[in-house]
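Okay, so here's the structure we're looking at.
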Amino acid sequence: MILYKHEMRMNRKSLLIWTLSVGLICFGCILLYTSLEDSIQGIADSFSDMGAMSVALGMDKMSLATLKGYYATEIAMMHSLGGAMFAAILGTSFLAKEESGHTAEFLCVLPLDRSRIVLGKYLALVSNIIVLNLCCVVLYVLGFVMMGETVEGKEMALYHLAAFLMQLEVGTVCFFLSACVKKNIMGAGLGLTLVLFAADMMCRIVPAIEDLKYITPFYYANAADIFTDGAINGVMAVVGLGVLAASYAAAAWVYCRKDIT
């Protein structure tokens with residue numbers, strides 16, 4: 001618990017910056033819809049005729065001419081990508097920073113076995129992602145209220161649940177990578193996030209690589225799909241949970257047997 005509190009305290013500034021950045025940008029874009037409302041129908045028609053790009057962005061299912069469609073295709077994409085990047089940055093730093101920062105010799109002499117160290121740090125990762133998502137949801141709901149629009153409660157809840165799971169999966173994979181290296185690999189974590197995001201769009205366009213949907217967590221966290229179907233893709237979510245559990249188990253196994261310098 002002491003290690004958990006320490007990690008939460010150490011990352012509070014980063015959490016605040018990312019929460020405000022992701023939350024306020026998306027909140028501002030929701031309010032911006034008012035100024036676009038008069039011309040949005042023409043924009044929506046143009047985007048819906050973009051062929052493969054419309055499919056990749058979900059605009060073949062949702063219309064930009066409604067705030068619901070605008071949220072599902074534009075706001076949700078920014079929230080998913082921003083939250084995943086935050087999770088990746090945290091995940092790649094939690095375990096590797098002890099060696100790169102030369103604090104391992106202090107941490108490892110404390111009366112804590114390594115499995116408890118891994119668990120404490122991972123719980124801090126989970127908590128940071130939860131706080132970011134909760135704060136963002138509050139801002140988005142406030143934006144809908146200020147616009148005088150009805151919040152789609154079920155679809156919003158399902159999307160943000162899927163987005164949380166997706167971000168946690170990305171963060172956990174990066175957490176595993178952090179256990180395998182001796183230096184912070186933030187760039188690799190961010191690169192992995194962008195590759196997974198691009199893979200989601202590509203597998204929707206190119207039938208030959210459709211199986212990439214089993215690899216990228218962005219697939220089951222696609223807001224356009226969730227708002228259209230009214231449900232999360234259960235198979236993809238189970239695959240995501242499996243990857244998450246395997247990544248955490250692998251991180252604990254590697255770190256507990258690692259020769260820490």
Any chance the side chains of H79 and Y140 put a donor and an acceptor closer than 3.5 Å?
yes
Taking all non-hydrogen atoms of both residues into account, name the closest pair between Y70 and C29 and its distance.
OH-O, 2.9 Å
Less than 3.5 Å apart, any donor N or O on the side chain of Y255 or S178 sitting next to an acceptor on the other?
no
Relative to each other, are the rings of F197 and F218 parallel, tilted or perpendicular (30° and 60° limits)?
perpendicular
Donor-acceptor list for residues 230-238 side chains, cut-off 3.5 Å, not counting sequence neighbours:
from	atom 1	to	atom 2	distance (Å)
N233	OD1	V235	N	3.2
N233	OD1	M236	N	3.2

Specify whether Y71 and H160 have parallel, tilted or perpendicular ring planes, treating 30° as the upper limit for parallel and 60° as the lower limit for perpendicular.
tilted
Cation-pi check for Y4 against R9: NZ or CZ below 6.0 Å from the six-membered ring centre and within 45 degrees of the axis, yes or no?
no
I would like to know whether M146 and L142 meet side-chain contact (heavy atoms from CB on, under 4.5 Å); could you show each step before the answer?
CA-CA 6 Å; M146 292 176 64; L142 178 62; 4.0 Å; yes
Euclidean distance, L132 CG relative to I17 CD1, rounded to 0.5 Å:
12.5 Å
Return the minimal non-hydrogen interatomic distance between L196 and P217, and the atom names on each side.
CD1-CD, 3.9 Å
Between Y248 and Y122, what is the ring plane arrangement, given parallel below 30°, perpendicular above 60°, and tilted in between?
tilted
Go through the structure and list residues passing side chain to side chain contact (heavy atoms under 4.5 Å, CB included) with A88, not counting sequence neighbours.
V170, C174, T193
Side chain proximity check, L16 to K13, heavy atoms < 4.5 angstrom
no
Give, for atom CG of N128 and atom CZ of F94, the distance between the pair rounded to the nearest 0.5 Å.
5.5 Å
Are there more than 12 heavy atoms of other residues, nucleotides or ligands under 6.0 Å from atom CE of M10?
no
